[in-house]
2 protein chains.
Amino acid sequence: MNAENPVRKSLQLLWYGLPDPKKGPKPTLTLEQIVRTAIGLADSEGLDALSMRKLAQRLDVGTMSLYRYVPSKTELLNLMLDAVSGPTHLRRTTFDAGWRVGLEGVGHGGRQQYLAHPWLLQVNWTRPVLGPNSVADMELIMTGLKDLPLSDREKMHVVVALDSYVTGAVRQEILSQRAAAESGMTDEEFWEAQAPFLYEIFDTGRYPTMASLSEDTFAGTWEESFDFGLRLLLDGIEQQLARRAESPDTADTPF
Amino acid sequence: MNAENPVRKSLQLLWYGLPDPKKGPKPTLTLEQIVRTAIGLADSEGLDALSMRKLAQRLDVGTMSLYRYVPSKTELLNLMLDAVSGPTHLRRTTFDAGWRVGLEGVGHGGRQQYLAHPWLLQVNWTRPVLGPNSVADMELIMTGLKDLPLSDREKMHVVVALDSYVTGAVRQEILSQRAAAESGMTDEEFWEAQAPFLYEIFDTGRYPTMASLSEDTFAGTWEESFDFGLRLLLDGIEQQLARRAESPDTADTPF
DNA sequence: CAAATGTAGCGTACGCCGTGCGCAGTCATC
DNA sequence: GATGACTGCGCACGGCGTACGCTACATTTG
């Protein structure tokens, strides 16, 4: 709760940045510059390639100089995360056309965001705190849901559910991308490399349903699959709302 | 496509294990033993603590001995993944009571699985191939959906959507657990450490909707939140099925 | 103007990691 | 008993995050 609380320190850095010093030599770098460069590095070469040494090299400073700005690599990742989490990807998304179109936009925007910065899904793993951009994002969405006949808690659940779906779906997509990339094959080549083996397995008769699936079961784009699931979820929300419209007196009951 | 194909080699190891040698000294270990110990280590101390050195130490062998059994750490992770991905967690789940109860069970089973082995969500990141257990899992589910008025492709989309949701939801849950654990606080302490800071932010008036949310918006258990989203998704599926029942002629149209 | 003081930059070093290489010991086969 | 494939594994290399403490410098203070 006091200043020496590590959580509080993290938040301080996220929301207010470094306190600028009054004495001593001028800093060569800025926090923002470091974060931006780190994001660029992670975008182009992957999170594994983002090391403090490489980052320092790209910024033309000594490795340990970075630690004047950032207390640890973990904290740097938190800063990167929030820097990229803002509502920028929602700019074109509004709730003017209703909650459904709005949430659909949020879903698609989120997907694009994750596809642009695949490392997001790895970094999040140790994310401890909320930054200004994440909060702004939430603000925008919750405002869009303001007039729905749901309790605040339910609205939050809806947002969490949507985010869960988006995150999980994109994760699978990136996973398959990465698997293909790592083996130096395209998605199709990779599949073709697996296929004969799997057919061999299916021929054992131990997996009759799998063996009987139609040829095009695994065809189709990731986007198609994403949209299918998103529609299911939105349909579910719509039904929940319809139920509320019928018996509005239960609007305050959890569910 | 031939034997020197690395994908094929991975699959070979997954499905058939090591070829047992005819000459030379008996191996001290088995593949299964290594995988099981590795899973135990990852379960109890986290994936970061799973190093080849530590694993070897726990198995009472030299570090490099492990490489007689497993070509690389990545391959070991693949083996761990499939070992744990089987339908074991579905044993109590059947589709006898209908698709909805079945899928609900799959969802809850998946959640339990991920909570028991939190490292699953980190490992998956480089997963390139399908193992026997994963396939058996899919077989079980697809068999349960056999009679639904959906195309195979749509059924697969349903399964993928469900898995996406489960994965994403559990990821958030584990994320928060881990954040709390790393700072050495309970979930509540962690929240309380953040709270005063956030209230400070809200008081600036820049986030009116967030500031106006009711006190209990963020209360509630993770399970409650999980169930809420799962229900939305299943409702969505149900509606899709209802539509098909009305106009069964469209059953083969993608959607 | 000069001294004191806090800060920036960063070289060195430590203890981790995955794993390529090649040697020594073991044992089924001929 | 000789052969040769196979097991176990020590050593070493090149990476990683980062603690420590030195030097250089800009500002404040006297």
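Each chain gets a letter, A, B and so on, in the order the sequences are listed, and its residues count up from 1. None of the values given here were measured: they were computed from a predicted structure.
Residue B:S51 places at least one side-chain N or O under 4.0 Å from the OP1 or OP2 atom of C:dC17. Residue A:T63 has no polar side-chain atom (N or O) positioned under 4.0 Å from OP1 or OP2 of C:dC10. Side-chain nitrogen and oxygen atoms of B:Y69 include at least one within less than 4.0 Å of the OP1 or OP2 phosphate oxygen of D:dG8. Residue A:R53 places at least one side-chain N or O closer than 4.0 Å to OP1 or OP2 of D:dC16. A close approach under 4.0 Å does occur between a side-chain nitrogen or oxygen of A:K26 and OP1 or OP2 of D:dT27.
You'll find that the side chain of A:S65 is closest to C:dC10, out of D:dT7, D:dC9, C:dC10. Relative to the side chain of B:R68, the nucleotides D:dC9, D:dG17, D:dC16 differ in distance, and D:dC9 lies closest.
Each of A:Y67 and B:M64 was matched to the nucleotide of DNA chain D holding its nearest heavy atom; the match closer to the 5' end belongs to B:M64. Comparing B:V61 and A:L50 by the nucleotide of DNA chain D that holds the closest heavy atom to each, the one mapping nearer the 5' end is B:V61.
Distance B:E75 CD to C:dT19 P: 11 Å, rounded to the nearest Å. Following rounding to the nearest Å, B:M52 (CE) and D:dG10 (P) show an atom-to-atom distance of 15 Å.
The CH2 atom of A:W119 sits 6.5 Å away from the CG atom of A:L81 when rounded to the nearest 0.5 Å. Taking CG of B:L213 as the reference point, atom CZ of B:F202 lies at 7.0 Å (rounded to 0.5 Å).
Of the N and O atoms on the side chains of B:S85 and B:N133, not one donor lies less than 3.5 Å from an acceptor on the other residue.
A salt bridge links A:R111 with A:E173; the closest basic N to acidic carboxylate O contact falls under 4.0 Å.
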